[in-house]
**Student:** 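Sharing a structure below in structure tokens format, with a few things to ask.
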Amino acid sequence: MGALEDLGAQEEASVTAGDFESVARLQVRVAPLVAYLGTHGPAVADVELRRRLSFWLERRGRTLERMGEQIAATRARLDQLGANRGRLTRVLPAYQLRRETSRRLRVAV
């Protein structure tokens, strides 16, 4: 259980730091433990172990929620960047035309 708690703490710290490569690696490492607990966890009779499992599940839920929020914020930022790029693409020809016209006028003078 200590190893699972340690991995949970590392995952939480990685999410806080925005280190999503580490988060992915940690989730791969924790997956077999989660699968095992999903199958055998309900049979755990030890009250202290059940308390620790419950705490870990709550922490993991909060971590996953924060990751979801960060993913949503990143998607919103990417959407905004895409919209900005679209606007720039639409107005860029007008500025290029204006610059070319200005250059011709300077050459003519």
Side-chain angles (χ1 to χ4, degrees):
M1 187 63 211
L4 186 60
E5 291 168 328
D6 185 48
L7 288 171
Q10 290 176 36
E11 181 181 60
E12 185 177 38
S14 294
V15 168
T16 299
D19 183 1
F20 297 109
E21 289 180 32
S22 291
V23 171
R25 283 193 302 274
L26 289 165
Q27 287 182 342
V28 168
R29 287 179 57 198
V30 79
L33 294 169
V34 171
Y36 179 83
L37 290 171
T39 303
H40 300 93
V44 173
D46 184 317
V47 174
E48 176 61 18
L49 184 55
R50 287 179 81 70
R51 185 193 65 74
R52 289 171 70 186
L53 282 170
S54 177
F55 178 76
W56 180 83
L57 285 170
E58 289 173 17
R59 171 191 253 172
R60 184 96 195 274
R62 287 189 307 270
T63 299
L64 293 175
E65 187 176 310
R66 286 180 49 213
M67 279 180 40
E69 291 167 357
Q70 290 179 346
I71 288 169
T74 300
R75 283 187 178 142
R77 181 69 180 132
L78 287 171
D79 289 345
Q80 182 63 44
L81 289 171
N84 290 347
R85 174 181 261 170
R87 282 191 294 277
L88 181 60
T89 301
R90 286 190 303 275
V91 300
L92 188 61
Y95 285 98
Q96 288 174 333
L97 179 62
R98 197 178 285 170
R99 190 175 81 204
E100 184 61 34
T101 303
S102 176
R103 192 176 304 146
R104 284 186 201 151
L105 288 173
R106 276 185 266 147
V107 170
V109 175

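Just so it is clear, the model here is predicted, and its values are computed rather than measured.
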**Student:** Say whether, by atom type as modelled, one donor and one acceptor occur between the side chain of Arg50 and the main chain of Val44 under 3.5 angstrom.
**Tutor:**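 It does hold such a pair.
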**Student:** Could you grab the distance from atom CG of Leu81 to atom CZ of Arg77, nearest 0.5 Å is fine?
**Tutor:**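 These two atoms lie 4.0 Å from each other.
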**Student:** In this structure, would Val15 and Ile71 fall into the same cluster of hydrophobic residues linked by side-chain contacts under 4.5 Å?
**Tutor:**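 As far as the 4.5 Å side-chain criterion goes, Ile71 and Val15 are not connected within one cluster.
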**Student:** For Ser54 and Arg51: C-alpha separation, side-chain torsions, deciding distance, then whether side-chain hydrogen bond (donor to acceptor under 3.5 Å, both in side chains) applies.
**Tutor:** CA-CA 5 Å; Ser54 177; Arg51 185 193 65 74; over 6 Å; no
**Student:** In the single-linkage hydrophobic clustering (I, L, V, M, F, W, Y; side-chain heavy atoms under 4.5 Å), do Val30 and Phe20 co-cluster?
**Tutor:**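 No, no single cluster joins them.
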**Student:** Answer yes or no: are there more than 12 heavy-atom neighbours, outside Arg62 itself, under 6.0 Å from its atom CZ?
**Tutor:** yes
**Student:** If you look at every heavy atom in Trp56 and Val34, which pair is closest and at what distance?
**Tutor:** CH2-CG2, 3.5 Å
**Student:** Only one of Glu21, Gln10, Glu12 forms a side chain to side chain contact (heavy atoms under 4.5 Å, CB included) with Leu26, so which one is it?
**Tutor:**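 Among Glu21, Gln10, Glu12, the one meeting side chain to side chain contact (heavy atoms under 4.5 Å, CB included) with Leu26 is Gln10.
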**Student:** Same cluster or not: are Leu4 and Tyr36 linked, directly or through other Ile, Leu, Val, Met, Phe, Trp or Tyr residues, by side-chain heavy atoms under 4.5 angstrom apart?
**Tutor:**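 Shared cluster, yes.
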**Student:** For Arg85, is the CZ atom crowded, meaning more than 12 foreign heavy atoms sit under 6.0 Å from it?
**Tutor:**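 At most 12 heavy atoms, drawn from other residues, nucleotides or ligands, come within 6.0 Å of this atom.
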**Student:** With side chain to side chain contact (heavy atoms under 4.5 Å, CB included) as the test, would you mind laying out the steps for Leu57 and Leu37 before giving the verdict?
**Tutor:** CA-CA 11 Å; Leu57 285 170; Leu37 290 171; over 6 Å; no
**Student:** Mind checking the CG-CZ spacing from Leu64 to Arg60? Nearest 0.5 Å is all I need.
**Tutor:**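 CZ of Arg60 is found 5.0 Å from CG of Leu64.
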**Student:** For Glu11, run the side chain to side chain contact (heavy atoms under 4.5 Å, CB included) check against Arg59, Arg25, Gln27 and tell me which one passes.
**Tutor:**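 Only match with Glu11 under side chain to side chain contact (heavy atoms under 4.5 Å, CB included): Gln27.
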**Student:** Say whether Leu49 and Leu33 are linked into one hydrophobic cluster, either directly or through other cluster members, by side-chain heavy-atom distances under 4.5 angstrom.
**Tutor:** yes
**Student:** Measure the spacing between CG of Leu53 and CG of Asp46 and express it to the nearest 0.5 Å.
**Tutor:** 9.5 Å
